[in-house]
Amino acid sequence: MTTFSYIKQLDDFKTTAAWLARRGWSEAAGGNMSVRLDALAALHEDDHIELPVEVPYIAGQIVLLTGSGTRAREIGENPEPNIGLYKIADDGRHYGWIAGNHNPSMELPAHFAIHNALEKNRPEDKAILHTHPASLIALCHVPGLNSGKAISDKILSLQSEARLILPEGIGFVDHELPGSLELGLKSAEQLSRHHLVLWQYHGLLASGATLAGAFDKLEVFEKSASIYWKLRAANIDPAGIDKSTIKEILKAFGRLDRY
Ligand code: 13P
Ligand code: ZN
């Protein structure tokens, strides 16, 4: 595992980065992505950088993480200078750089804390993406939409399949400094239960088995939010599909227990 170009997950990075750019969701250097690889690396001699958070569940694992300041529109074209390969040390308190970009995203604390929580609670989710869709950030400025429950009830009731894809609803973290450990720890806590977490006034975090899978869930939430904004532009504040119908849909598909 020394040659960067042989990592099969790079195709997932390339495709998802290109789509994030195409949709205008990751403007300039906005957003970042990471994936845990199944492989374990032999201990690297550079394995000594101290982590801001202890991550015992991913000790010894390898993570691909986008570099700080990298642009989604360029990652898709040329991954190696934009994505770094890192190894979490066996003590779960340090990490080291292996290959590619070696200036990691400022959201490294969030990515590593979330991978740790996912490995513990939902190990099938190996990919995390963070992005800045305008329609989702705008929700944070609506009075009353200041919790995961309020946002989930309002926005995921506007289309009959949205809650089916996201039965647990959306997680929510009150505004924290970008790149801070607090943001990372609160997100990790929320992502143990949800696939999407809205960072107030900042953007969205999504997890999935792959980046494409995380992008699917982001697309569903963003579609519902754009329905909301179309209605608001028409001067309608929608009541949404009533709760009993939402429950009926979830029951029909065996997902009511996740509501
Ligand atoms: P990075 O370029 O450091 O990943 O930062 C982008 C971002 O969106 C921070 O929240
Ligand atoms: Zn951001």
Side-chain angles (χ1 to χ4, degrees), residues 9-10 12-14 16-36 49-53 55 63-86 88 95 97 99-115 117 127-141 148 151 170-191 194-208 211 214-215 217-219 221-222 225:
Q9 286 85 347
L10 281 178
D12 196 22
F13 266 88
K14 284 193 216 170
T16 307
W19 272 103
L20 285 167
R22 202 171 297 154
R23 290 286 177 91
W25 293 343
S26 285
E27 77 292 347
N32 29 69
M33 298 184 281
S34 68
V35 172
R36 285 191 322 286
I49 309 166
E50 196 170 348
L51 279 166
V53 55
V55 291
V63 176
L64 278 170
L65 172 66
T66 49
S68 190
T70 56
R71 303 179 177 100
R73 63 181 187 270
E74 292 174 358
I75 294 169
E77 283 163 19
N78 194 10
E80 186 150 353
N82 292 299
I83 304 168
L85 189 62
Y86 298 92
I88 312 292
Y95 73 101
W97 170 80
N101 180 295
H102 51 80
N103 179 28
S105 166
M106 68 147 103
E107 303 295 357
L108 178 146
H111 282 261
F112 284 5
I114 291 164
H115 279 300
I128 302 167
L129 71 82
H130 161 58
T131 183
H132 299 168
S135 59
L136 303 184
I137 298 164
L139 294 176
C140 305
H141 296 273
I151 291 168
I170 310 298
F172 186 81
V173 173
D174 286 329
H175 186 258
E176 293 285 354
L177 272 186
S180 63
L181 181 57
E182 289 71 24
L183 180 58
L185 294 176
K186 288 181 181 174
S187 306
E189 210 259 317
Q190 292 283 311
L191 265 194
H194 303 277
H195 287 88
L196 299 179
V197 176
L198 190 58
W199 286 353
Q200 190 179 33
Y201 311 136
H202 181 160
L204 189 80
L205 252 178
S207 78
L211 290 169
F215 189 91
K217 294 190 167 63
L218 151 66
E219 263 188 325
F221 183 30
E222 205 278 338

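Counting starts at 1 for both ligands and their atoms, following the listed order. Positions are given from 1, in the same order as the sequence printed here.
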Student: Using a distance-only test with no angle check, is there a side-chain donor-acceptor pair under 3.5 angstrom linking Thr66 and Ser105?
Tutor: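 No.
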
Student: Among all protein heavy atoms, pick out the one at the shortest distance from atom 9 (C) of ligand 1; state its residue, atom name and that distance to 0.1 Å.
Tutor: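 Here the closest protein heavy atom is Glu107 OE2, 3.2 Å.
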
Student: So is there a nitrogen or oxygen of Trp199 less than 3.5 Å from a nitrogen or oxygen in ligand 1?
Tutor: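 No; every N/O pair is 3.5 Å or more apart.
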
Student: Show me which atoms of ligand 1 lie under 4.0 Å from any heavy atom of Asn32.
Tutor: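 Atoms satisfying the 4.0 Å criterion: 1 (P), 4 (O), 5 (O), 6 (C), 7 (C), 8 (O), 9 (C).
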
Student: Atom 5 (O) of ligand 1: which of Glu27, Met106, Arg71, His202 has the nearest heavy atom?
Tutor: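 Comparing heavy atoms across Glu27, Met106, Arg71, His202, the nearest one to atom 5 (O) of ligand 1 lies in Met106.
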
Student: Which atom name would you report as the N, O or S atom of His130 nearest the Zn ion (ligand 2)?
Tutor: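 Of all N, O or S atoms belonging to His130, NE2 is the one nearest the Zn ion (ligand 2).
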
Student: Give the ring-plane orientation class for Tyr201 versus His141, where under 30° counts as parallel, over 60° as perpendicular and anything between as tilted.
Tutor: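 The arrangement is tilted - the two ring planes meet at 30° to 60°.
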
Student: Which atoms of ligand 1 have any heavy atom of Ser105 under 4.0 Å away?
Tutor: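 Contacts of ligand 1 toward Ser105, numbered from 1: 1 (P), 3 (O), 4 (O).
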
Student: Name all residues meeting the side-chain hydrogen bond (donor to acceptor under 3.5 Å, both in side chains) criterion together with Trp25; count only those two or more places apart in sequence or in a different chain, and write none if there are none.
Tutor: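 Expected list: none.
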
Student: Would you say the rings of His130 and His202 are close, in the sense that their centroids are separated by under 6.0 Å?
Tutor: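 For His202 and His130, the ring centres are under 6.0 Å apart.
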
Student: Could you tell me, atom by atom, which parts of ligand 1 come under 4.0 Å of a heavy atom of Gly31?
Tutor: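 The atoms of ligand 1 under 4.0 Å from a heavy atom of Gly31 are 4 (O), 6 (C), 7 (C), 8 (O).
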
Student: Just give me the atom name: the N, O or S atom of His132 closest to the Zn ion (ligand 2).
Tutor: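 Nearest N/O/S atom of His132: NE2.
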
Student: Note the single closest protein heavy atom to atom 2 (O) of ligand 1, along with its residue, its atom name and the distance in Å.
Tutor: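 Of the protein heavy atoms, Gly69 N, 2.7 Å lies nearest.
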
Student: If you count the atoms of ligand 1 from 1 in the order shown, which ones are under 4.0 Å from a heavy atom of Ala29?
Tutor: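 The atoms of ligand 1 under 4.0 Å from a heavy atom of Ala29 are 2 (O), 6 (C).
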
Student: Provide the closest heavy-atom pair for Glu74 versus Asn82 in the form atom of the first, atom of the second, distance.
Tutor: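 Heavy atoms only, the tightest pair is O-ND2, 3.7 Å.
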
Student: Checking side chain to side chain contact (heavy atoms under 4.5 Å, CB included) against Trp199, which of Asp174, Leu204, Val173 comes through?
Tutor: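 The side chain to side chain contact (heavy atoms under 4.5 Å, CB included) with Trp199 is passed solely by Val173 among Asp174, Leu204, Val173.
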
